[in-house]
Amino acid sequence: MADLKGKDILDGAQFTRDEIERIMAVAEDFRKTLQDTPSLDLMKGYVLAALFFEPSTRTRLSFETAMHRLGGNVIGFSSAESSSTAKGETLADTIRTVDQYADIIAMRHPQIGSAKEAAAVANAPVLNGGDGAGQHPTQALLDLYTIRRERGKVDGTTIVLCGDLKNGRTVHAGVEVYKHYSCKLVMVAPEQLKMPADIVARLRRYGVQVEETTNLEAALAQGDVLYMTRIQKERFADPAEYERLKGSYILTREMIERIKPDLTVLHPLPRVNEVTTDVDSLSNAAYFRQVRNGVYTRMALIALVMGKV
Ligand code: NCD
(Lines give C-alpha, C1' and ligand atoms only; values in the text may rest on other atoms or scores of the structure.)
Protein backbone atom coordinates (compact mmCIF):
# COMPACT_ATOMS: atom_id res chain seq x y z
CA MET A 1 0.00 0.00 0.00
CA ALA A 2 1.12 3.54 -0.71
CA ASP A 3 3.04 4.85 2.30
CA LEU A 4 3.80 8.55 2.49
CA LYS A 5 5.05 8.56 6.09
CA GLY A 6 8.01 10.89 6.53
CA LYS A 7 7.98 12.00 2.90
CA ASP A 8 8.33 15.53 1.60
CA ILE A 9 5.70 16.77 -0.85
CA LEU A 10 7.73 18.76 -3.36
CA ASP A 11 6.67 18.06 -6.92
CA GLY A 12 3.58 16.79 -8.75
CA ALA A 13 5.83 14.31 -10.55
CA GLN A 14 6.83 12.49 -7.36
CA PHE A 15 3.60 10.52 -6.96
CA THR A 16 2.58 7.09 -8.17
CA ARG A 17 -1.06 6.60 -9.09
CA ASP A 18 -1.46 4.46 -5.94
CA GLU A 19 -0.21 7.31 -3.77
CA ILE A 20 -2.57 9.75 -5.45
CA GLU A 21 -5.50 7.37 -4.97
CA ARG A 22 -4.60 6.98 -1.30
CA ILE A 23 -4.48 10.77 -0.80
CA MET A 24 -7.86 11.12 -2.53
CA ALA A 25 -9.41 8.42 -0.35
CA VAL A 26 -8.11 9.96 2.88
CA ALA A 27 -9.30 13.43 1.78
CA GLU A 28 -12.73 11.97 1.08
CA ASP A 29 -12.82 10.39 4.55
CA PHE A 30 -11.97 13.72 6.14
CA ARG A 31 -14.67 15.47 4.11
CA LYS A 32 -17.23 13.04 5.44
CA THR A 33 -15.97 13.20 9.02
CA LEU A 34 -16.13 17.00 9.03
CA GLN A 35 -19.83 16.83 8.21
CA ASP A 36 -20.39 15.62 11.78
CA THR A 37 -17.69 17.43 13.72
CA PRO A 38 -15.72 20.67 13.26
CA SER A 39 -12.38 19.10 14.14
CA LEU A 40 -10.51 15.93 15.08
CA ASP A 41 -7.68 15.26 17.52
CA LEU A 42 -5.45 13.24 15.21
CA MET A 43 -2.62 15.81 15.28
CA LYS A 44 -3.11 16.93 18.88
CA GLY A 45 0.11 18.34 20.31
CA TYR A 46 1.89 18.59 16.96
CA VAL A 47 3.10 21.86 15.42
CA LEU A 48 2.94 22.86 11.77
CA ALA A 49 5.11 25.78 10.62
CA ALA A 50 3.60 27.80 7.76
CA LEU A 51 6.48 29.75 6.20
CA PHE A 52 5.24 32.08 3.49
CA PHE A 53 7.98 34.15 1.88
CA GLU A 54 5.59 35.13 -0.93
CA PRO A 55 1.99 36.47 -0.86
CA SER A 56 -0.81 33.96 -0.28
CA THR A 57 -4.40 33.93 0.89
CA ARG A 58 -5.70 30.44 0.23
CA THR A 59 -2.67 28.22 0.47
CA ARG A 60 -1.53 29.54 3.84
CA LEU A 61 -4.99 29.73 5.39
CA SER A 62 -5.84 26.33 3.93
CA PHE A 63 -2.77 24.66 5.48
CA GLU A 64 -3.50 26.42 8.77
CA THR A 65 -7.17 25.39 8.70
CA ALA A 66 -6.21 21.83 7.82
CA MET A 67 -3.84 21.59 10.80
CA HIS A 68 -6.36 23.20 13.18
CA ARG A 69 -9.13 20.85 12.03
CA LEU A 70 -6.77 17.93 12.69
CA GLY A 71 -6.41 19.23 16.25
CA GLY A 72 -2.83 20.47 15.82
CA ASN A 73 -1.14 23.84 16.29
CA VAL A 74 0.31 26.33 13.84
CA ILE A 75 3.23 28.78 13.91
CA GLY A 76 4.67 30.80 11.04
CA PHE A 77 4.99 34.02 9.12
CA SER A 78 3.25 35.38 6.06
CA SER A 79 5.91 37.55 4.42
CA ALA A 80 9.66 37.52 3.93
CA GLU A 81 9.75 41.07 5.37
CA SER A 82 8.45 39.85 8.73
CA SER A 83 11.06 37.07 8.96
CA SER A 84 14.85 37.21 9.38
CA THR A 85 15.14 36.90 5.60
CA ALA A 86 14.89 40.71 5.74
CA LYS A 87 18.13 40.72 7.78
CA GLY A 88 19.91 38.53 5.25
CA GLU A 89 19.38 35.08 6.74
CA THR A 90 19.66 32.27 4.20
CA LEU A 91 16.75 29.96 3.51
CA ALA A 92 18.77 27.02 4.82
CA ASP A 93 19.38 28.73 8.17
CA THR A 94 15.73 29.76 8.52
CA ILE A 95 14.65 26.18 7.83
CA ARG A 96 17.22 24.68 10.23
CA THR A 97 15.83 27.01 12.89
CA VAL A 98 12.17 26.26 12.25
CA ASP A 99 13.05 22.56 12.24
CA GLN A 100 13.81 22.95 15.97
CA TYR A 101 10.22 24.11 16.60
CA ALA A 102 7.95 22.28 14.22
CA ASP A 103 7.00 18.70 13.31
CA ILE A 104 6.00 19.56 9.75
CA ILE A 105 6.74 22.53 7.49
CA ALA A 106 4.52 24.08 4.79
CA MET A 107 6.26 26.75 2.77
CA ARG A 108 6.02 29.09 -0.21
CA HIS A 109 9.03 30.88 -1.66
CA PRO A 110 9.69 32.86 -4.88
CA GLN A 111 12.67 30.71 -5.94
CA ILE A 112 12.25 27.60 -8.08
CA GLY A 113 13.73 24.66 -6.18
CA SER A 114 13.44 26.35 -2.75
CA ALA A 115 11.23 23.65 -1.24
CA LYS A 116 13.69 21.00 -2.33
CA GLU A 117 16.52 23.02 -0.80
CA ALA A 118 14.53 23.27 2.44
CA ALA A 119 13.76 19.56 2.46
CA ALA A 120 17.48 18.81 2.15
CA VAL A 121 18.22 20.49 5.50
CA ALA A 122 14.99 19.81 7.44
CA ASN A 123 14.22 16.70 9.46
CA ALA A 124 10.53 17.58 9.43
CA PRO A 125 8.60 16.76 6.25
CA VAL A 126 8.37 19.78 3.92
CA LEU A 127 5.18 20.51 1.97
CA ASN A 128 5.76 22.76 -1.03
CA GLY A 129 3.07 25.45 -1.22
CA GLY A 130 4.61 26.96 -4.35
CA ASP A 131 8.24 27.55 -5.39
CA GLY A 132 8.30 30.46 -7.82
CA ALA A 133 7.18 29.40 -11.28
CA GLY A 134 8.11 25.80 -10.42
CA GLN A 135 5.68 23.47 -8.67
CA HIS A 136 2.59 23.53 -6.45
CA PRO A 137 1.80 19.88 -5.75
CA THR A 138 -0.79 20.32 -2.98
CA GLN A 139 -2.81 22.52 -5.33
CA ALA A 140 -2.57 19.88 -8.07
CA LEU A 141 -3.98 17.26 -5.70
CA LEU A 142 -6.86 19.43 -4.54
CA ASP A 143 -7.63 20.22 -8.18
CA LEU A 144 -7.74 16.52 -8.97
CA TYR A 145 -9.95 15.89 -5.93
CA THR A 146 -12.28 18.64 -7.17
CA ILE A 147 -12.53 17.15 -10.67
CA ARG A 148 -13.39 13.80 -9.13
CA ARG A 149 -16.03 15.34 -6.86
CA GLU A 150 -17.57 17.46 -9.59
CA ARG A 151 -17.50 14.93 -12.47
CA GLY A 152 -17.56 11.62 -10.57
CA LYS A 153 -14.33 10.46 -12.26
CA VAL A 154 -11.05 11.65 -13.74
CA ASP A 155 -10.31 8.91 -16.29
CA GLY A 156 -11.52 9.85 -19.74
CA THR A 157 -11.92 13.55 -18.93
CA THR A 158 -10.81 16.25 -21.37
CA ILE A 159 -9.18 19.03 -19.37
CA VAL A 160 -8.62 22.44 -20.94
CA LEU A 161 -5.77 24.36 -19.27
CA CYS A 162 -5.92 28.06 -20.09
CA GLY A 163 -3.86 31.16 -19.32
CA ASP A 164 -0.25 31.54 -18.24
CA LEU A 165 0.96 27.99 -18.77
CA LYS A 166 4.58 29.15 -18.92
CA ASN A 167 4.76 30.61 -15.42
CA GLY A 168 1.84 28.92 -13.68
CA ARG A 169 3.10 26.45 -11.09
CA THR A 170 -0.38 25.03 -10.50
CA VAL A 171 -0.57 23.76 -14.08
CA HIS A 172 3.04 22.56 -14.03
CA ALA A 173 2.15 20.38 -11.05
CA GLY A 174 -1.32 19.54 -12.33
CA VAL A 175 -0.23 17.86 -15.55
CA GLU A 176 2.10 15.55 -13.60
CA VAL A 177 -0.91 14.33 -11.66
CA TYR A 178 -3.37 14.15 -14.60
CA LYS A 179 -0.89 12.08 -16.60
CA HIS A 180 -1.77 9.04 -14.44
CA TYR A 181 -5.36 9.15 -15.70
CA SER A 182 -6.48 8.74 -19.28
CA CYS A 183 -7.18 12.45 -19.66
CA LYS A 184 -6.80 14.48 -22.81
CA LEU A 185 -5.09 17.79 -22.10
CA VAL A 186 -5.89 20.81 -24.27
CA MET A 187 -3.50 23.68 -23.56
CA VAL A 188 -4.68 27.17 -24.44
CA ALA A 189 -2.19 30.02 -24.11
CA PRO A 190 -0.80 32.99 -26.02
CA GLU A 191 2.36 32.04 -27.95
CA GLN A 192 4.55 33.81 -25.35
CA LEU A 193 2.99 31.92 -22.44
CA LYS A 194 2.83 28.36 -23.72
CA MET A 195 3.49 25.35 -21.52
CA PRO A 196 7.28 24.76 -21.53
CA ALA A 197 8.19 22.46 -24.45
CA ASP A 198 10.10 20.01 -22.25
CA ILE A 199 7.00 19.41 -20.12
CA VAL A 200 4.81 18.84 -23.20
CA ALA A 201 7.38 16.48 -24.72
CA ARG A 202 7.63 14.48 -21.50
CA LEU A 203 3.84 14.17 -21.24
CA ARG A 204 3.65 12.90 -24.81
CA ARG A 205 6.41 10.38 -24.17
CA TYR A 206 4.37 9.22 -21.19
CA GLY A 207 1.48 8.61 -23.58
CA VAL A 208 -0.70 11.61 -22.72
CA GLN A 209 -2.76 13.09 -25.53
CA VAL A 210 -1.82 16.80 -25.58
CA GLU A 211 -3.19 19.44 -27.91
CA GLU A 212 -1.88 23.02 -27.98
CA THR A 213 -3.91 25.93 -29.34
CA THR A 214 -4.48 29.66 -28.95
CA ASN A 215 -8.25 29.32 -29.47
CA LEU A 216 -10.22 29.04 -26.21
CA GLU A 217 -13.67 28.71 -27.80
CA ALA A 218 -12.61 25.77 -29.97
CA ALA A 219 -11.00 24.13 -26.95
CA LEU A 220 -14.13 24.56 -24.82
CA ALA A 221 -16.23 22.75 -27.40
CA GLN A 222 -14.33 19.55 -26.61
CA GLY A 223 -13.62 20.17 -22.91
CA ASP A 224 -15.25 18.67 -19.83
CA VAL A 225 -13.22 20.77 -17.41
CA LEU A 226 -11.77 24.23 -17.90
CA TYR A 227 -8.86 25.04 -15.59
CA MET A 228 -8.53 28.80 -15.90
CA THR A 229 -5.44 30.59 -14.60
CA ARG A 230 -4.25 34.13 -14.02
CA ILE A 231 -1.47 35.72 -16.07
CA GLN A 232 1.37 35.66 -13.49
CA LYS A 233 2.20 39.36 -13.33
CA GLU A 234 4.98 38.92 -10.75
CA ARG A 235 6.97 36.69 -13.13
CA PHE A 236 7.22 39.31 -15.92
CA ALA A 237 10.46 41.23 -16.34
CA ASP A 238 8.72 43.71 -18.66
CA PRO A 239 5.51 45.32 -17.29
CA ALA A 240 4.47 46.35 -20.83
CA GLU A 241 4.48 42.70 -21.88
CA TYR A 242 2.15 41.88 -18.97
CA GLU A 243 -0.20 44.71 -20.01
CA ARG A 244 -0.29 43.33 -23.56
CA LEU A 245 -1.12 39.80 -22.43
CA LYS A 246 -3.32 40.24 -19.37
CA GLY A 247 -6.64 40.25 -21.24
CA SER A 248 -5.75 37.32 -23.50
CA TYR A 249 -8.55 35.03 -22.36
CA ILE A 250 -11.74 35.89 -20.54
CA LEU A 251 -14.39 33.27 -19.79
CA THR A 252 -17.96 34.62 -19.69
CA ARG A 253 -21.32 33.15 -18.77
CA GLU A 254 -22.43 33.62 -22.36
CA MET A 255 -19.55 31.42 -23.61
CA ILE A 256 -20.45 28.58 -21.26
CA GLU A 257 -24.15 28.72 -22.16
CA ARG A 258 -23.41 28.91 -25.89
CA ILE A 259 -20.51 26.47 -26.20
CA LYS A 260 -20.52 23.99 -23.31
CA PRO A 261 -23.44 24.12 -20.85
CA ASP A 262 -22.06 21.24 -18.73
CA LEU A 263 -18.51 22.59 -18.46
CA THR A 264 -16.89 22.40 -15.03
CA VAL A 265 -14.89 25.55 -14.31
CA LEU A 266 -11.92 25.39 -11.96
CA HIS A 267 -9.52 28.20 -11.05
CA PRO A 268 -6.76 28.06 -8.41
CA LEU A 269 -7.55 31.71 -7.59
CA PRO A 270 -6.81 34.56 -7.20
CA ARG A 271 -8.90 35.68 -10.14
CA VAL A 272 -7.97 38.95 -11.82
CA ASN A 273 -10.25 39.33 -14.86
CA GLU A 274 -10.11 35.96 -16.59
CA VAL A 275 -13.50 34.69 -15.38
CA THR A 276 -16.33 37.25 -15.34
CA THR A 277 -18.29 37.38 -12.09
CA ASP A 278 -21.55 36.44 -13.83
CA VAL A 279 -20.12 32.90 -14.05
CA ASP A 280 -20.03 32.62 -10.23
CA SER A 281 -23.73 31.88 -9.77
CA LEU A 282 -23.72 29.05 -12.34
CA SER A 283 -23.47 25.50 -10.98
CA ASN A 284 -20.56 25.09 -13.45
CA ALA A 285 -18.39 27.35 -11.27
CA ALA A 286 -16.51 25.00 -8.96
CA TYR A 287 -13.76 27.36 -7.82
CA PHE A 288 -15.06 28.15 -4.36
CA ARG A 289 -15.90 24.50 -3.70
CA GLN A 290 -12.33 23.86 -4.89
CA VAL A 291 -11.08 26.12 -2.06
CA ARG A 292 -12.94 24.02 0.52
CA ASN A 293 -11.60 20.82 -1.03
CA GLY A 294 -8.12 22.20 -0.43
CA VAL A 295 -8.63 21.79 3.31
CA TYR A 296 -9.60 18.10 3.03
CA THR A 297 -6.70 17.42 0.67
CA ARG A 298 -4.15 19.17 2.90
CA MET A 299 -5.55 17.41 5.98
CA ALA A 300 -4.93 14.15 4.12
CA LEU A 301 -1.37 15.13 3.20
CA ILE A 302 -0.50 16.22 6.74
CA ALA A 303 -1.99 13.07 8.30
CA LEU A 304 -0.29 10.80 5.75
CA VAL A 305 3.22 12.25 5.94
CA MET A 306 2.96 12.27 9.75
CA GLY A 307 1.97 8.60 9.66
CA LYS A 308 -1.36 9.21 11.41
CA VAL A 309 -3.55 7.40 8.89
C1 NCD B 1 -1.87 29.99 -7.20
C2 NCD B 1 -0.41 30.15 -6.89
O3 NCD B 1 -0.06 30.77 -5.88
O4 NCD B 1 0.36 29.60 -7.65
N5 NCD B 1 -2.71 30.32 -6.14
C6 NCD B 1 -2.99 29.35 -5.23
O7 NCD B 1 -2.12 28.80 -4.60
N8 NCD B 1 -4.27 29.00 -5.08
C9 NCD B 1 -2.27 30.58 -8.48
C10 NCD B 1 -1.94 32.01 -8.77
O11 NCD B 1 -1.37 32.71 -7.93
O12 NCD B 1 -2.28 32.44 -9.87
Side-chain angles (χ1 to χ4, degrees), residues 9-13 27 50-67 76-80 106-116 126-147 159-178 187-190 193-196 199 225-236 242 245-251 265-275 280 285-299 301-302:
I9 305 295
L10 301 177
D11 191 313
L51 311 183
F52 280 69
F53 299 87
E54 214 187 37
S56 170
T57 297
R58 272 150 297 271
T59 305
R60 183 174 61 84
L61 295 180
S62 178
F63 270 119
E64 294 194 5
T65 305
M67 189 59 172
F77 51 78
S78 54
S79 73
M107 64 175 279
R108 166 173 291 183
H109 191 281
Q111 218 94 57
I112 291 181
S114 49
K116 201 171 165 201
V126 171
L127 310 180
N128 180 8
D131 59 322
Q135 284 281 315
H136 197 345
T138 68
Q139 180 75 42
L141 292 164
L142 77 90
D143 296 340
L144 187 82
Y145 179 84
T146 302
I147 293 173
I159 303 172
V160 179
L161 305 168
C162 180
D164 189 347
L165 307 186
K166 177 182 177 207
N167 299 302
R169 56 196 173 196
T170 66
V171 286
H172 296 167
V175 296
E176 302 293 351
V177 168
Y178 304 142
M187 303 183 176
V188 184
L193 300 178
K194 284 171 68 174
M195 180 70 78
I199 296 181
V225 173
L226 169 64
Y227 191 87
M228 199 63 168
T229 67
R230 168 180 78 87
I231 309 295
Q232 306 278 299
K233 183 179 185 181
E234 66 276 33
R235 312 284 175 225
F236 281 70
Y242 170 73
L245 293 172
K246 73 174 184 203
S248 295
Y249 298 104
I250 296 177
L251 178 76
V265 183
L266 271 68
H267 193 310
L269 305 176
R271 154 173 64 186
V272 181
N273 62 350
E274 56 285 338
V275 178
D280 299 0
Y287 29 89
F288 292 110
R289 293 189 288 276
Q290 191 180 351
V291 171
R292 174 173 282 268
N293 292 338
V295 175
Y296 310 137
T297 309
R298 292 187 171 108
M299 286 173 75
L301 286 167
I302 293 168

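Indexing begins at 1, ligand by ligand and atom by atom, following the structure's order. Note that the numbering runs from 1 along the sequence shown for the chain.
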Min N/O separation [X] to ligand 1 under 3.5 Å:
X	result
Arg108	yes
Leu269	yes
Gln139	yes

Numbering as shown, the atoms of ligand 1 that approach [X] to under 4.0 Å (heavy-atom distance):
X	value
Arg230	10 (C), 11 (O), 12 (O)
Pro270	10 (C), 11 (O)
Thr170	1 (C), 4 (O), 9 (C)
His136	2 (C), 4 (O), 6 (C), 7 (O)
Thr59	6 (C), 7 (O)

Item to check | Side-chain donor/acceptor of His172 to backbone N/O of Leu165, under 3.5 Å | outcome: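 At least one qualifying donor-acceptor pair exists.
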Next on the checklist: For Ala115, is there any backbone N or O sitting under 3.5 Å from a side-chain donor or acceptor partner on Asp131?
Outcome noted: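 No, because the side chain of Asp131 does not come within donor-acceptor range (under 3.5 Å) of the backbone of Ala115.
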Checklist entry - Between Pro190 and Gly163, which heavy-atom pair has the shortest distance, and what is it? => result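 Closest pair (atom of Pro190, atom of Gly163, distance): CD-O, 3.8 Å.
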Taking atom [atom1] of [X] and atom [atom2] of [Y], what is their separation to the nearest 0.5 Å?
X	Y	atom1	atom2	value
Gln290	Ile147	CD	CD1	8.5 Å
Leu61	Arg298	CG	CZ	10.5 Å
Leu142	Arg292	CG	CZ	13.5 Å

Checklist entry - Can a non-hydrogen atom of Gly130 be found less than 4.0 Å from any atom of ligand 1? => result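 Contact check Gly130 vs ligand 1: negative.
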Checklist entry - What do you reckon, does Glu54 put a non-hydrogen atom under 4.0 Å from ligand 1? => result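 Checking ligand 1 against Glu54, which is what was asked, there is no heavy-atom contact under 4.0 Å.
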Checklist entry - Think Arg108 forms a cation-pi with Phe52, using NZ or CZ under 6.0 Å from the six-ring centre and within 45 degrees of its axis? => result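 Geometry flag: not set, cation outside 6.0 Å or 45°.
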Item to check | Arg169 and Glu234 ion-paired at < 4.0 Å | outcome: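 The answer is no: the pair does not qualify as a salt bridge.
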Checklist entry - Hey, is Thr229 touching ligand 1 through its side chain, its backbone, both or neither, going by heavy atoms under 4.0 Å? => result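 Neither; nothing of Thr229 gets under 4.0 Å from ligand 1.
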Checklist entry - Nearest protein heavy-atom contact for atom 8 (N) of ligand 1: which residue, which atom, what distance? => result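 Nearest neighbour among protein heavy atoms for atom 8 (N) of ligand 1, to 0.1 Å: Pro268 O, 2.8 Å.
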Checklist entry - Heavy-atom distance to atom 4 (O) of ligand 1: which of Arg169, Lys233, Glu274 wins? => result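 The nearest heavy atom belongs to Arg169.
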